[in-house]
2 protein chains.
Amino acid sequence: MPAPTPAPSALPTGPPAAAGARRRAGRPTAAILDQDGITTAALELISSKGYDGLTMAALARSLGVAPSALYNHVASKDDVLLLVEDHLAAMVDVTAFGVEPWDAAVRRWAWSYRDVFSEHTPLIPVIAVLPVANAPKTLAMYEAVTAGFRDAGFPEEKIISAIVALEAFVFGAAYDVTAPEDIFDAGSLAEQVPNFTAAVDRLALENHPRPTDVAFSLGLEALITGFGALRG
Amino acid sequence: MPAPTPAPSALPTGPPAAAGARRRAGRPTAAILDQDGITTAALELISSKGYDGLTMAALARSLGVAPSALYNHVASKDDVLLLVEDHLAAMVDVTAFGVEPWDAAVRRWAWSYRDVFSEHTPLIPVIAVLPVANAPKTLAMYEAVTAGFRDAGFPEEKIISAIVALEAFVFGAAYDVTAPEDIFDAGSLAEQVPNFTAAVDRLALENHPRPTDVAFSLGLEALITGFGALRG
DNA sequence: CCAGTAAATGAATGGCGTTCATTTATGTCT
DNA sequence: AGACATAAATGAACGCCATTCATTTACTGG
């Protein structure tokens, strides 16, 4: 009869932290991984190394685990991105719906939504195609927004379309935030596009701290005004 | 004295097409590759195999060339995507500016822009960060749009912001086109999000052929109306 | 208590973008 | 005309990536 597990190295090392002595093969006494831990580690990795640094190997490494172990808890790397997305969706501010007037609530929601995802644009292609059934927190966000629109007197058949349109604008604007400042510098071709160059220069004269915010505000206010007129 | 090149296989094979006999190493008599050819081949590959099929190896293969040869003409795969993007920008319809009224011209431009890029969403992350100086045809599109706004009496300092906002909406909407039909099916969580589910069902009752077009139209008309009011 | 399943390791796989040494042809300078 | 830099191709190699599989070990339900 084999002696009881010979204490691999020490007491269970508090947090599911780094790699000390190598773990031997086989199921460990206490599970090391779960989806929450994977999500948290992924977020930390993203914030320290960016999305380029988010590899399955790096993720496993930060969890003190072999890469293949991850696949007991997620089906793929896209699955990890989905977990991250859903976590972020919960950070979007929907608290104004039902409290502040409709237009103020939409404003708060949209700005918050854009700010959260502007740091996570690589998720946008994933979200855009993501069936909501797989993302409970995202779904909860939609529920809050939908209720806000309904309570504000929006015709029910237009609510989803309006949200989809707002969301499209938010995602596009999130990319815009990440663009380099000189993105509109035409360089040597400037003379060939005089109207464009003039408009770019004219905007620069205004000296806005964040031009991208000006464009976002301009578009968002137009959408809010336009949609506001649909309410009954 | 070596005999003049011993006719590698046959007469120059018309189009720069497929791979017959292997070419021997060294610079060929006539250049096989150029950026135009690479762009065309990339577009064909994308349309036949999708963006997953667009690999440097596959691209080289379709041009009858070794992968490393591509790097004499482009710096990276992103560079190829940039070439493709610029080609597509030239397909966006800006002809209505200066011909039709401003609102109709914006409408035509935006629908066309969305339609072109909805088939090429993997380019969007590239475009969003792309300095226009590297994309002459894209720049030409901006010039036409800017001129249209100016001639319509737009205050010059708001032109770029308005275009940026419209573009953000267009890009987001382009993703939306690619989403699966049942993206809003909450599945087993439906009971937990009654307002959302009701709104989704209510929209479905309308039986629109393309719900995504309804959302796009709704948002676009709001932007056009809102921005139209800025004209002097 | 025993079978089935869950959770880990570690080795292996195939594909990817990219680099580099090498070969051959072109174009320019003297 | 000859020399030489440069351009454009090949082919071998690199490192990284996500993912799979056989294997080991531990937990759990009948």
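Quick caveat, the model's predicted, so the values are computed rather than measured.
At whole-Å resolution of the value, CG in B/L70 and P in C/dC20 are 17 Å apart. Going from atom OH of A/Y71 over to atom C1' of C/dA6 covers 18 Å, rounded to whole Å. Between the C1' atom of D/dA8 and the CD atom of B/Q35 lies a distance of 14 Å, rounded to the nearest Å. Whole-Å rounding puts the B/I32 CD1 to D/dT10 C1' distance at 10 Å. For the pair B/R61 CZ and D/dT10 C1', the computed distance is 17 Å after rounding to whole Å. Straight-line distance from the CG atom of B/L59 to the P atom of C/dC16: 12 Å, rounded to whole Å.
Using a 30° and 60° split on the angle between ring planes, B/F196 and B/F184 fall in the perpendicular class, above 60°.
The ring pair (Phe, Tyr, Trp, His ring centres under 6.0 Å) analysis of residues 53-82 of chain A, with sequence neighbours excluded, yields no pairs. Within the structure, salt bridge (Lys or Arg N to Asp or Glu O under 4.0 Å) pairs that include any residue of residues 110-135 of chain A comprise A/R114-A/D213 (at least two apart or interchain).
With sequence neighbours excluded, no residue satisfies salt bridge (charged side-chain N to carboxylate O under 4.0 Å, His left out) with B/D201. Residues satisfying the side-chain contact (heavy atoms from CB on, under 4.5 Å) criterion with A/T138, sequence neighbours excluded, are A/E85, A/D86, A/A89, A/A135, A/Y142. Take B/H120 and apply the ring pair (Phe, Tyr, Trp, His ring centres under 6.0 Å) test, not counting sequence neighbours, and it matches B/Y51. Scored by the salt bridge (charged side-chain N to carboxylate O under 4.0 Å, His left out) test, B/D79 finds no partners at all (sequence neighbours excluded). Under the ring pair (Phe, Tyr, Trp, His ring centres under 6.0 Å) criterion, A/F117 pairs with A/Y113, not counting sequence neighbours.
Taken residue by residue, residues 119-128 of chain A places no heavy atom nearer than 4.0 Å to DNA chain D. For the segment residues 74-88 of chain A, residues with any heavy atom less than 4.0 angstrom from an atom of DNA chain D are, sorted by number, A/S76, A/K77. Residues from residues 41-58 of chain A placing a heavy atom under 4.0 Å of any atom in DNA chain D, listed by number, are A/L54, A/T55, A/M56, A/A57.
An OP1 or OP2 oxygen of D/dA9 is reached within less than 4.0 angstrom by a side-chain nitrogen or oxygen of B/H73.
For a distance-only test at 3.5 Å, the side chain of A/N72 qualifies as a donor-acceptor partner of the base of C/dA8.
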Under 3.5 Å, which N/O atoms of the protein pair with N/O atoms of nucleotides 10-14 of chain C?
unit_1, atom_1, unit_2, atom_2, d
C/dG10, N7, A/S68, OG, 3.3
C/dG10, O6, A/S68, OG, 2.5

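Side-chain atoms of A/T95 and A/D93 include a donor-acceptor pair closer than 3.5 Å.
The one candidate from A/L123, A/T39, A/I127, A/L83 that meets the side chain to side chain contact (heavy atoms under 4.5 Å, CB included) condition with A/L88 is A/L123.
Counting only heavy atoms from C-beta outward, the side chains of B/V65 and B/L33 approach each other to under 4.5 Å. When side chains are defined from C-beta on, B/F216 does not count as touching A/S161, because their heavy atoms never get closer than 4.5 Å.
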Return all side-chain donor-acceptor pairs below 3.5 angstrom for residues 171-179 of chain A, not counting sequence neighbours, or 'none' if the list is empty.
unit_1, atom_1, unit_2, atom_2, d
A/Y175, OH, B/Y175, OH, 2.9
A/D176, OD2, A/T212, OG1, 2.7
A/T178, OG1, A/Y175, O, 2.7

